[in-house]
Amino acid sequence: MSERKRRRFGRVRQLPSGRWQARYPGPDGQLRAAPYTFEREADADRWLGEVETDLRRGDWTDPDAGRIPLGLYAKAWIEERPGLAVRTVELYEGLLRNHIDPYLGDVMLADLSPAKVRRWRKDRLDECGPVTVAKAYRLLKAIMNTALLDDKLIKMNPCTIKGGGKEDSPERPTATIEQALAAADAMQPRYRLMVLLATFASLRFAKMVGLQRGDFDLDAGLVYVRRQAVQTNGGKIVVTGPKSEAGKRRVVVPAFLVPEIRTHLRTYVKPGDEAWVFLGPKGARPTRNNFHKVWNKARTAAGIPSLHLHDLRHTGNTLAAETGATLRELMDRMGHASTRAALIYLHAREERGQAIAAGINAMVTRATRKTRRGGKGHAKGTGQVGVQK
(Lines give C-alpha, C1' and ligand atoms only; values in the text may rest on other atoms or scores of the structure.)
Protein backbone atom coordinates (compact mmCIF):
# COMPACT_ATOMS: atom_id res chain seq x y z
CA MET A 1 0.00 0.00 0.00
CA SER A 2 1.15 3.58 -0.59
CA GLU A 3 2.34 5.88 2.20
CA ARG A 4 -0.51 7.85 3.83
CA LYS A 5 1.32 11.10 4.64
CA ARG A 6 4.63 12.89 4.33
CA ARG A 7 6.79 13.05 7.43
CA ARG A 8 9.59 15.33 8.49
CA PHE A 9 11.85 12.31 8.99
CA GLY A 10 11.48 8.85 7.52
CA ARG A 11 8.54 7.11 5.98
CA VAL A 12 5.80 4.81 7.23
CA ARG A 13 3.63 2.62 5.09
CA GLN A 14 1.03 -0.06 5.69
CA LEU A 15 1.79 -3.45 4.23
CA PRO A 16 -0.74 -5.85 2.68
CA SER A 17 -0.60 -7.80 5.96
CA GLY A 18 -2.03 -4.79 7.76
CA ARG A 19 1.16 -4.16 9.75
CA TRP A 20 3.25 -1.00 9.43
CA GLN A 21 6.76 -0.64 8.08
CA ALA A 22 9.14 2.22 9.02
CA ARG A 23 12.00 3.37 6.80
CA TYR A 24 14.53 6.16 7.19
CA PRO A 25 17.56 7.60 5.38
CA GLY A 26 20.90 6.81 7.03
CA PRO A 27 23.89 9.19 7.12
CA ASP A 28 24.97 7.77 3.76
CA GLY A 29 21.57 8.59 2.23
CA GLN A 30 20.62 4.93 1.91
CA LEU A 31 17.01 4.16 2.83
CA ARG A 32 16.85 1.55 5.58
CA ALA A 33 13.88 -0.37 6.90
CA ALA A 34 13.27 -1.10 10.57
CA PRO A 35 14.33 -4.64 11.54
CA TYR A 36 10.71 -5.50 12.34
CA THR A 37 7.21 -4.28 11.51
CA PHE A 38 4.69 -2.61 13.83
CA GLU A 39 1.12 -3.34 14.75
CA ARG A 40 0.15 0.35 14.79
CA GLU A 41 1.22 3.37 12.77
CA ALA A 42 1.91 5.30 15.99
CA ASP A 43 4.41 2.63 17.07
CA ALA A 44 6.28 3.03 13.79
CA ASP A 45 6.29 6.82 14.26
CA ARG A 46 7.76 6.51 17.75
CA TRP A 47 10.47 4.18 16.48
CA LEU A 48 11.40 6.69 13.76
CA GLY A 49 11.60 9.40 16.42
CA GLU A 50 14.10 7.31 18.41
CA VAL A 51 16.22 6.73 15.30
CA GLU A 52 16.19 10.45 14.50
CA THR A 53 17.35 11.24 18.05
CA ASP A 54 20.18 8.68 17.78
CA LEU A 55 21.30 10.23 14.50
CA ARG A 56 21.27 13.73 15.97
CA ARG A 57 23.31 12.62 19.01
CA GLY A 58 25.75 10.56 16.97
CA ASP A 59 24.58 7.35 18.66
CA TRP A 60 23.20 5.73 15.53
CA THR A 61 24.52 2.27 14.67
CA ASP A 62 24.43 0.97 11.14
CA PRO A 63 22.26 -2.18 11.37
CA ASP A 64 24.19 -3.73 8.48
CA ALA A 65 27.52 -3.27 10.26
CA GLY A 66 26.68 -6.05 12.70
CA ARG A 67 26.20 -8.62 9.95
CA ILE A 68 29.46 -10.31 10.92
CA PRO A 69 29.57 -13.87 12.28
CA LEU A 70 30.51 -13.90 15.95
CA GLY A 71 33.09 -16.65 15.45
CA LEU A 72 34.96 -14.68 12.79
CA TYR A 73 34.88 -11.47 14.82
CA ALA A 74 35.97 -13.25 18.03
CA LYS A 75 38.97 -14.85 16.33
CA ALA A 76 40.11 -11.45 15.07
CA TRP A 77 39.45 -9.96 18.52
CA ILE A 78 41.94 -12.36 20.13
CA GLU A 79 44.54 -11.83 17.41
CA GLU A 80 44.33 -8.06 17.75
CA ARG A 81 44.65 -7.83 21.55
CA PRO A 82 48.02 -6.18 22.28
CA GLY A 83 50.20 -7.47 25.08
CA LEU A 84 48.25 -10.61 25.98
CA ALA A 85 50.33 -13.19 27.83
CA VAL A 86 51.00 -16.45 26.00
CA ARG A 87 48.89 -18.49 28.39
CA THR A 88 46.06 -15.95 28.21
CA VAL A 89 45.99 -16.26 24.42
CA GLU A 90 45.84 -20.02 24.75
CA LEU A 91 43.03 -19.75 27.31
CA TYR A 92 40.98 -17.45 25.07
CA GLU A 93 41.54 -19.60 22.01
CA GLY A 94 40.49 -22.69 23.94
CA LEU A 95 37.34 -21.05 25.28
CA LEU A 96 36.43 -19.83 21.81
CA ARG A 97 37.17 -23.17 20.16
CA ASN A 98 35.38 -25.36 22.73
CA HIS A 99 32.60 -23.25 24.22
CA ILE A 100 31.67 -20.28 22.03
CA ASP A 101 32.31 -20.94 18.35
CA PRO A 102 30.51 -24.33 18.09
CA TYR A 103 27.29 -22.85 19.52
CA LEU A 104 27.28 -19.15 18.61
CA GLY A 105 29.95 -18.85 15.94
CA ASP A 106 27.52 -18.56 13.03
CA VAL A 107 25.26 -16.02 14.75
CA MET A 108 25.60 -12.49 13.42
CA LEU A 109 26.73 -9.93 16.00
CA ALA A 110 23.56 -7.91 15.45
CA ASP A 111 21.40 -11.01 16.00
CA LEU A 112 22.95 -12.12 19.29
CA SER A 113 20.25 -11.32 21.82
CA PRO A 114 20.16 -11.59 25.63
CA ALA A 115 17.83 -14.57 25.25
CA LYS A 116 20.31 -16.41 23.01
CA VAL A 117 23.13 -15.70 25.46
CA ARG A 118 21.04 -16.98 28.39
CA ARG A 119 20.21 -20.19 26.51
CA TRP A 120 23.85 -20.69 25.50
CA ARG A 121 25.04 -20.25 29.07
CA LYS A 122 22.40 -22.63 30.45
CA ASP A 123 23.36 -25.29 27.90
CA ARG A 124 27.04 -24.88 28.75
CA LEU A 125 26.35 -25.21 32.49
CA ASP A 126 24.56 -28.49 31.75
CA GLU A 127 27.66 -29.79 29.99
CA CYS A 128 30.69 -28.49 31.92
CA GLY A 129 31.87 -26.87 35.12
CA PRO A 130 30.67 -23.44 36.29
CA VAL A 131 34.20 -22.00 36.49
CA THR A 132 34.81 -22.74 32.81
CA VAL A 133 31.42 -21.30 31.86
CA ALA A 134 32.15 -18.14 33.84
CA LYS A 135 35.42 -17.69 31.96
CA ALA A 136 33.70 -18.23 28.61
CA TYR A 137 30.95 -15.76 29.51
CA ARG A 138 33.47 -13.09 30.52
CA LEU A 139 35.30 -13.56 27.22
CA LEU A 140 32.06 -13.29 25.24
CA LYS A 141 31.06 -10.16 27.15
CA ALA A 142 34.46 -8.54 26.50
CA ILE A 143 34.22 -9.33 22.79
CA MET A 144 30.75 -7.84 22.55
CA ASN A 145 31.88 -4.77 24.51
CA THR A 146 34.46 -4.10 21.83
CA ALA A 147 31.81 -4.53 19.13
CA LEU A 148 29.62 -2.04 20.98
CA LEU A 149 32.01 0.62 22.27
CA ASP A 150 34.97 0.55 19.90
CA ASP A 151 33.68 -0.72 16.58
CA LYS A 152 30.08 0.59 16.85
CA LEU A 153 28.73 -2.60 15.30
CA ILE A 154 25.85 -3.26 17.70
CA LYS A 155 23.39 -1.20 19.69
CA MET A 156 23.73 -3.02 23.01
CA ASN A 157 25.77 -5.74 24.66
CA PRO A 158 23.58 -8.86 24.91
CA CYS A 159 25.59 -10.24 27.84
CA THR A 160 23.37 -8.91 30.61
CA ILE A 161 23.33 -11.81 33.08
CA LYS A 162 24.05 -10.48 36.57
CA GLY A 163 26.96 -12.43 38.02
CA GLY A 164 27.33 -14.47 34.84
CA GLY A 165 31.10 -14.10 34.85
CA LYS A 166 31.61 -14.67 38.56
CA GLU A 167 33.70 -17.68 39.50
CA ASP A 168 32.84 -19.52 42.69
CA SER A 169 36.02 -21.58 42.87
CA PRO A 170 36.32 -23.94 45.83
CA GLU A 171 38.68 -22.83 48.56
CA ARG A 172 42.18 -24.20 48.21
CA PRO A 173 44.02 -25.58 51.25
CA THR A 174 47.03 -23.94 52.83
CA ALA A 175 49.93 -25.77 54.40
CA THR A 176 51.31 -25.13 57.85
CA ILE A 177 54.93 -24.00 58.20
CA GLU A 178 55.87 -27.49 59.32
CA GLN A 179 54.19 -29.07 56.29
CA ALA A 180 55.85 -26.67 53.87
CA LEU A 181 59.27 -27.36 55.37
CA ALA A 182 58.62 -31.09 55.28
CA ALA A 183 57.75 -30.86 51.59
CA ALA A 184 60.97 -28.92 50.94
CA ASP A 185 62.95 -31.60 52.78
CA ALA A 186 61.35 -34.30 50.64
CA MET A 187 62.09 -32.57 47.31
CA GLN A 188 64.98 -33.41 45.06
CA PRO A 189 67.73 -31.08 46.33
CA ARG A 190 67.92 -29.05 43.12
CA TYR A 191 64.22 -28.18 43.46
CA ARG A 192 64.11 -27.65 47.23
CA LEU A 193 64.49 -23.88 46.85
CA MET A 194 61.41 -23.72 44.60
CA VAL A 195 59.23 -24.97 47.45
CA LEU A 196 60.77 -22.44 49.84
CA LEU A 197 60.41 -19.50 47.44
CA ALA A 198 56.83 -20.47 46.59
CA THR A 199 55.98 -20.49 50.29
CA PHE A 200 58.01 -17.73 51.88
CA ALA A 201 58.38 -15.32 48.93
CA SER A 202 54.96 -16.00 47.34
CA LEU A 203 56.43 -16.71 43.90
CA ARG A 204 54.55 -18.52 41.16
CA PHE A 205 56.06 -21.43 39.25
CA ALA A 206 56.56 -19.44 36.02
CA LYS A 207 58.26 -16.62 37.93
CA MET A 208 60.65 -19.06 39.58
CA VAL A 209 61.53 -20.79 36.31
CA GLY A 210 62.27 -17.31 34.95
CA LEU A 211 64.76 -16.42 37.71
CA GLN A 212 68.40 -15.77 36.85
CA ARG A 213 71.42 -15.52 39.12
CA GLY A 214 71.45 -11.74 38.77
CA ASP A 215 67.93 -11.46 40.19
CA PHE A 216 69.24 -12.03 43.74
CA ASP A 217 70.78 -9.41 46.01
CA LEU A 218 71.55 -11.59 48.99
CA ASP A 219 73.36 -8.93 50.98
CA ALA A 220 70.05 -7.05 51.06
CA GLY A 221 67.94 -10.23 51.21
CA LEU A 222 66.12 -9.41 47.97
CA VAL A 223 64.84 -11.31 44.97
CA TYR A 224 63.83 -9.31 41.91
CA VAL A 225 60.93 -10.60 39.80
CA ARG A 226 61.70 -9.37 36.29
CA ARG A 227 60.40 -12.07 33.97
CA GLN A 228 58.43 -15.29 33.74
CA ALA A 229 59.05 -18.48 31.79
CA VAL A 230 55.69 -19.67 30.49
CA GLN A 231 55.13 -23.11 29.02
CA THR A 232 52.72 -23.19 26.08
CA ASN A 233 50.28 -26.02 25.50
CA GLY A 234 52.71 -27.33 22.92
CA GLY A 235 55.46 -27.64 25.54
CA LYS A 236 57.58 -24.69 24.39
CA ILE A 237 58.91 -22.39 27.13
CA VAL A 238 58.49 -18.69 26.31
CA VAL A 239 60.23 -16.03 28.41
CA THR A 240 58.21 -12.84 28.79
CA GLY A 241 57.82 -10.01 31.24
CA PRO A 242 55.21 -10.31 34.02
CA LYS A 243 51.64 -9.69 32.87
CA SER A 244 51.46 -6.33 34.65
CA GLU A 245 53.78 -3.67 35.98
CA ALA A 246 52.80 -4.75 39.48
CA GLY A 247 54.23 -8.17 38.70
CA LYS A 248 57.68 -6.61 38.24
CA ARG A 249 58.71 -6.29 41.84
CA ARG A 250 61.32 -6.99 44.45
CA VAL A 251 60.53 -9.28 47.33
CA VAL A 252 62.31 -9.20 50.68
CA VAL A 253 62.93 -12.80 51.72
CA PRO A 254 63.07 -14.03 55.33
CA ALA A 255 66.62 -14.23 56.69
CA PHE A 256 66.59 -18.03 56.99
CA LEU A 257 66.22 -18.26 53.20
CA VAL A 258 69.45 -16.42 52.40
CA PRO A 259 71.81 -19.34 53.19
CA GLU A 260 69.43 -21.67 51.34
CA ILE A 261 69.70 -19.46 48.26
CA ARG A 262 73.49 -19.19 48.56
CA THR A 263 73.80 -22.97 48.73
CA HIS A 264 71.57 -23.44 45.71
CA LEU A 265 73.41 -20.84 43.62
CA ARG A 266 76.78 -22.36 44.54
CA THR A 267 75.68 -25.94 43.84
CA TYR A 268 73.35 -25.81 40.86
CA VAL A 269 73.70 -22.48 39.01
CA LYS A 270 76.34 -21.62 36.43
CA PRO A 271 78.39 -18.42 36.74
CA GLY A 272 77.07 -15.20 35.21
CA ASP A 273 74.11 -12.98 36.01
CA GLU A 274 72.04 -14.47 33.16
CA ALA A 275 72.42 -18.09 34.29
CA TRP A 276 69.09 -19.78 34.95
CA VAL A 277 68.53 -20.55 38.62
CA PHE A 278 66.50 -23.73 38.09
CA LEU A 279 67.54 -26.44 35.64
CA GLY A 280 66.93 -30.16 35.53
CA PRO A 281 69.64 -32.81 35.97
CA LYS A 282 70.34 -32.76 32.22
CA GLY A 283 70.35 -28.99 31.96
CA ALA A 284 66.79 -28.53 30.65
CA ARG A 285 64.34 -25.95 31.99
CA PRO A 286 61.69 -27.36 34.34
CA THR A 287 58.28 -27.90 32.74
CA ARG A 288 54.94 -28.28 34.48
CA ASN A 289 54.76 -31.99 33.74
CA ASN A 290 58.23 -33.08 34.84
CA PHE A 291 58.17 -30.83 37.91
CA HIS A 292 54.76 -32.18 38.94
CA LYS A 293 56.20 -35.70 39.11
CA VAL A 294 58.88 -34.52 41.54
CA TRP A 295 56.44 -32.41 43.54
CA ASN A 296 53.89 -35.21 43.76
CA LYS A 297 56.40 -37.50 45.47
CA ALA A 298 57.46 -34.78 47.90
CA ARG A 299 53.97 -33.69 48.92
CA THR A 300 52.94 -37.31 49.44
CA ALA A 301 55.99 -37.92 51.61
CA ALA A 302 55.16 -34.77 53.60
CA GLY A 303 51.63 -35.99 54.27
CA ILE A 304 49.89 -33.35 52.12
CA PRO A 305 49.04 -35.28 48.93
CA SER A 306 46.29 -32.91 47.79
CA LEU A 307 48.32 -29.69 48.06
CA HIS A 308 49.24 -27.91 44.83
CA LEU A 309 52.54 -26.04 44.56
CA HIS A 310 50.51 -22.87 43.95
CA ASP A 311 48.79 -23.41 47.30
CA LEU A 312 52.09 -22.65 49.01
CA ARG A 313 51.62 -19.03 47.91
CA HIS A 314 48.52 -18.97 50.08
CA THR A 315 50.63 -20.12 53.01
CA GLY A 316 53.15 -17.36 52.45
CA ASN A 317 50.49 -14.71 51.96
CA THR A 318 48.73 -15.82 55.14
CA LEU A 319 51.99 -15.63 57.09
CA ALA A 320 52.66 -12.14 55.73
CA ALA A 321 49.18 -11.04 56.78
CA GLU A 322 49.73 -12.41 60.28
CA THR A 323 52.77 -10.13 60.71
CA GLY A 324 50.44 -7.13 60.51
CA ALA A 325 51.01 -6.24 56.85
CA THR A 326 48.36 -3.96 55.39
CA LEU A 327 46.27 -4.93 52.38
CA ARG A 328 48.35 -2.70 50.13
CA GLU A 329 51.57 -4.25 51.40
CA LEU A 330 50.23 -7.73 50.78
CA MET A 331 49.13 -6.83 47.25
CA ASP A 332 52.58 -5.41 46.60
CA ARG A 333 54.36 -8.49 47.92
CA MET A 334 52.10 -10.76 45.89
CA GLY A 335 52.41 -8.68 42.72
CA HIS A 336 48.67 -8.00 42.56
CA ALA A 337 48.66 -4.22 42.92
CA SER A 338 47.75 -1.94 40.02
CA THR A 339 50.51 0.24 38.62
CA ARG A 340 49.02 3.36 40.24
CA ALA A 341 48.67 1.70 43.63
CA ALA A 342 52.20 0.28 43.40
CA LEU A 343 53.62 3.77 42.82
CA ILE A 344 51.58 5.34 45.59
CA TYR A 345 52.66 2.75 48.12
CA LEU A 346 56.25 2.30 46.90
CA HIS A 347 57.70 4.11 49.92
CA ALA A 348 55.54 2.09 52.32
CA ARG A 349 56.72 -1.10 50.64
CA GLU A 350 60.38 -0.20 51.13
CA GLU A 351 59.86 0.62 54.81
CA ARG A 352 57.66 -2.38 55.59
CA GLY A 353 59.32 -5.03 53.40
CA GLN A 354 62.00 -5.79 55.98
CA ALA A 355 59.43 -5.97 58.78
CA ILE A 356 57.24 -8.41 56.87
CA ALA A 357 60.20 -10.67 56.06
CA ALA A 358 61.48 -10.49 59.66
CA GLY A 359 58.05 -11.49 60.97
CA ILE A 360 57.92 -14.53 58.71
CA ASN A 361 61.48 -15.45 59.69
CA ALA A 362 60.58 -15.34 63.40
CA MET A 363 57.60 -17.65 62.87
CA VAL A 364 59.71 -20.14 60.90
CA THR A 365 62.43 -20.06 63.57
CA ARG A 366 59.88 -20.80 66.31
CA ALA A 367 58.36 -23.63 64.31
CA THR A 368 61.79 -25.12 63.56
CA ARG A 369 62.86 -25.01 67.20
CA LYS A 370 59.62 -26.67 68.22
CA THR A 371 60.12 -29.61 65.86
CA ARG A 372 63.80 -29.97 66.81
CA ARG A 373 62.88 -30.19 70.49
CA GLY A 374 60.77 -33.16 69.50
CA GLY A 375 63.97 -34.82 68.23
CA LYS A 376 62.55 -35.65 64.81
CA GLY A 377 63.75 -32.79 62.60
CA HIS A 378 61.15 -31.19 60.38
CA ALA A 379 57.64 -32.59 60.78
CA LYS A 380 56.46 -34.69 57.89
CA GLY A 381 52.93 -33.34 58.20
CA THR A 382 49.87 -34.66 59.86
CA GLY A 383 47.81 -35.14 56.77
CA GLN A 384 45.55 -32.33 57.97
CA VAL A 385 45.79 -29.24 55.79
CA GLY A 386 44.30 -25.95 56.98
CA VAL A 387 41.81 -24.15 54.74
CA GLN A 388 42.52 -20.57 53.77
CA LYS A 389 39.84 -18.15 54.91
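In this chain, numbering begins with 1 at the start of the sequence shown.
Looking at Arg213, its side chain does come within 3.5 Å of a backbone N or O of Val269 through a donor-acceptor pair. A donor-acceptor pair is defined here as one N or O able to donate and one able to accept, closer than 3.5 Å; such a pair exists between the side chain of Gln231 and the backbone of Arg288. A donor-acceptor pair under 3.5 Å links the side-chain atoms of Thr368 to the main chain of Val364, judged by distance alone. A donor-acceptor pair under 3.5 Å links the side-chain atoms of Asn290 to the main chain of Thr287, judged by distance alone. In this structure, Asn157 contributes its side chain and Cys159 its backbone to a donor-acceptor pair below 3.5 Å. Not one N or O on the side chain of Asp311 forms a donor-acceptor pair closer than 3.5 Å with the backbone of Ala175.
For Tyr224, there are no ring-ring contact (aromatic ring centres under 6.0 Å, His included) partners, not counting sequence neighbours. Annotation: ring-ring contact (aromatic ring centres under 6.0 Å, His included) contacts of Phe216 (sequence neighbours excluded): none. Residues satisfying the ring-ring contact (aromatic ring centres under 6.0 Å, His included) criterion with Tyr137, sequence neighbours excluded, are absent altogether. Under the ring-ring contact (aromatic ring centres under 6.0 Å, His included) criterion, Tyr103 pairs with no residue at all, not counting sequence neighbours.
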Test salt bridge (charged side-chain N to carboxylate O under 4.0 Å, His left out) applied to Asp126 and Lys122, step by step: CA-CA 6 Å; Asp126 290 342; Lys122 173 62 168 59; 2.8 Å; yes

Side chain to side chain contact (heavy atoms under 4.5 Å, CB included) evaluation trace for Val251 with Ser202: CA-CA 9 Å; Val251 179; Ser202 296; over 6 Å; no

Check against side chain to side chain contact (heavy atoms under 4.5 Å, CB included), Tyr24 and Arg32: CA-CA 5 Å; Tyr24 66 97; Arg32 290 175 168 82; 3.8 Å; yes

Side chain to side chain contact (heavy atoms under 4.5 Å, CB included) evaluation trace for Tyr92 with Leu96: CA-CA 6 Å; Tyr92 287 172; Leu96 176 61; over 6 Å; no

Stepwise side chain to side chain contact (heavy atoms under 4.5 Å, CB included) check, Arg369 with Arg366: CA-CA 5 Å; Arg369 289 174 179 170; Arg366 289 195 297 271; 5.6 Å; no

Working for salt bridge (charged side-chain N to carboxylate O under 4.0 Å, His left out), residues Glu178 and Lys370: CA-CA 10 Å; Glu178 292 83 359; Lys370 179 180 178 181; 5.2 Å; no

Steps toward salt bridge (charged side-chain N to carboxylate O under 4.0 Å, His left out) verdict (Arg227, Asp215): CA-CA 10 Å; Arg227 71 194 70 79; Asp215 295 327; 2.5 Å; yes

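A donor and an acceptor atom, one from each side chain of Trp77 and Thr146, are located under 3.5 Å apart.
Taken from CG in Leu197 to NZ in Lys207, the straight-line distance is 13.5 Å, to the nearest 0.5 Å. From Tyr36, atom OH reaches atom CZ of Arg19 across 11.0 Å, with rounding to the nearest 0.5 Å. Taking CG of Asn361 as the start and CD1 of Ile356 as the end, the distance is 13.5 Å to the nearest 0.5 Å. Rounded to the nearest 0.5 Å, atoms CG (Leu218) and CZ (Arg262) are 4.5 Å apart. Here CZ of Arg192 is found 10.0 Å from OH of Tyr268. Values are rounded to the nearest 0.5 Å. Rounded to the nearest 0.5 angstrom, Leu211 CG and Phe278 CZ are separated by 6.5 Å.
The closest side-chain heavy-atom distance from His310 to Arg204 is below 4.5 Å. Looking at Arg138 and Glu167, their side chains come closer than 4.5 Å, going by heavy atoms from C-beta outward. Using a 4.5 Å heavy-atom threshold, the side chains of Leu70 and Ile143 count as touching. For the pair Leu104 and Leu140, the minimum side-chain heavy-atom distance is below 4.5 Å. Leu265 has its side chain within reach of Ile261: a pair of non-hydrogen atoms, C-beta onward, lies under 4.5 Å apart. The shortest distance between side-chain heavy atoms of Met208 and Gln228 does not fall below 4.5 Å. Proximity of His264 to Val277: side-chain heavy atoms (C-beta onward) are separated by under 4.5 Å at one or more points. Looking only at side-chain heavy atoms (C-beta outward), Leu31 and Arg11 come within less than 4.5 Å of each other.
When hydrophobic clusters are built by joining Ile, Leu, Val, Met, Phe, Trp and Tyr residues whose side-chain heavy atoms come closer than 4.5 Å, directly or via intermediates, Met194 is not grouped with Val239. Taken together through direct or relayed side-chain contacts under 4.5 Å among Ile, Leu, Val, Met, Phe, Trp and Tyr, Trp120 and Val107 form part of one hydrophobic cluster. Leu203 and Met187 fall within a single hydrophobic cluster, where Ile, Leu, Val, Met, Phe, Trp and Tyr side chains are chained together by heavy-atom contacts under 4.5 Å. Residues Met108 and Tyr73 do not share a hydrophobic cluster, defined by chaining ILVMFWY side chains whose heavy atoms lie under 4.5 Å apart. Residue Ile100 is grouped with residue Leu148 when hydrophobic side chains (ILVMFWY) are merged at heavy-atom distances under 4.5 angstrom, including chains of intermediate members.
Considering all non-hydrogen atoms of both residues, Leu257 and Val253 come closest at CD1-CB, 4.1 Å. Across all their heavy atoms, Leu312 and Ala180 have their closest contact at CD2-CB, 4.3 Å. Taking all atoms of both residues into account, the shortest heavy-atom contact from Leu109 to Ala147 is CD1-CB, 4.3 Å. When every heavy atom of Trp20 is checked against every heavy atom of Val12, the shortest pair comes out as CE3-CG1, 3.6 Å. Glu39 and Asp43 make their closest contact through N-OD2, 4.5 Å (heavy atoms, listed as atom of the first residue, atom of the second, distance). Of all the heavy atoms in Ala183 and Ala298, the pair that sits closest is O-CB, 3.7 Å.
Residue Lys135 is tested with Leu139, Val131, Thr132 for a side-chain contact (heavy atoms from CB on, under 4.5 Å); the sole match is Val131.
Legend: side-chain hydrogen bond (donor to acceptor under 3.5 Å, both in side chains) pairs involving residues 106-118, not counting sequence neighbours, sorted by first then second residue: Arg67-Asp111. A side-chain hydrogen bond (donor to acceptor under 3.5 Å, both in side chains) check over residues 271-286, counting only residues at least two apart or in different chains, returns nothing.
Salt bridge status for Asp54 with Lys155: present, with a side-chain N to carboxylate O gap under 4.0 Å. Between Asp123 and Arg119 there is a salt bridge, with a side-chain nitrogen of the basic residue lying less than 4.0 Å from a carboxylate oxygen of the acidic one. Ion pairing between Glu93 and Lys75 fails under the 4.0 Å rule for side-chain N and carboxylate O. Look at Arg46 and Glu50 and you find no salt bridge, because none of the NZ, NE, NH1 or NH2 atoms lies under 4.0 Å from a carboxylate O.
Close placement of the Phe291 and Phe205 rings is indicated, their centers lying within 6.0 Å of each other.
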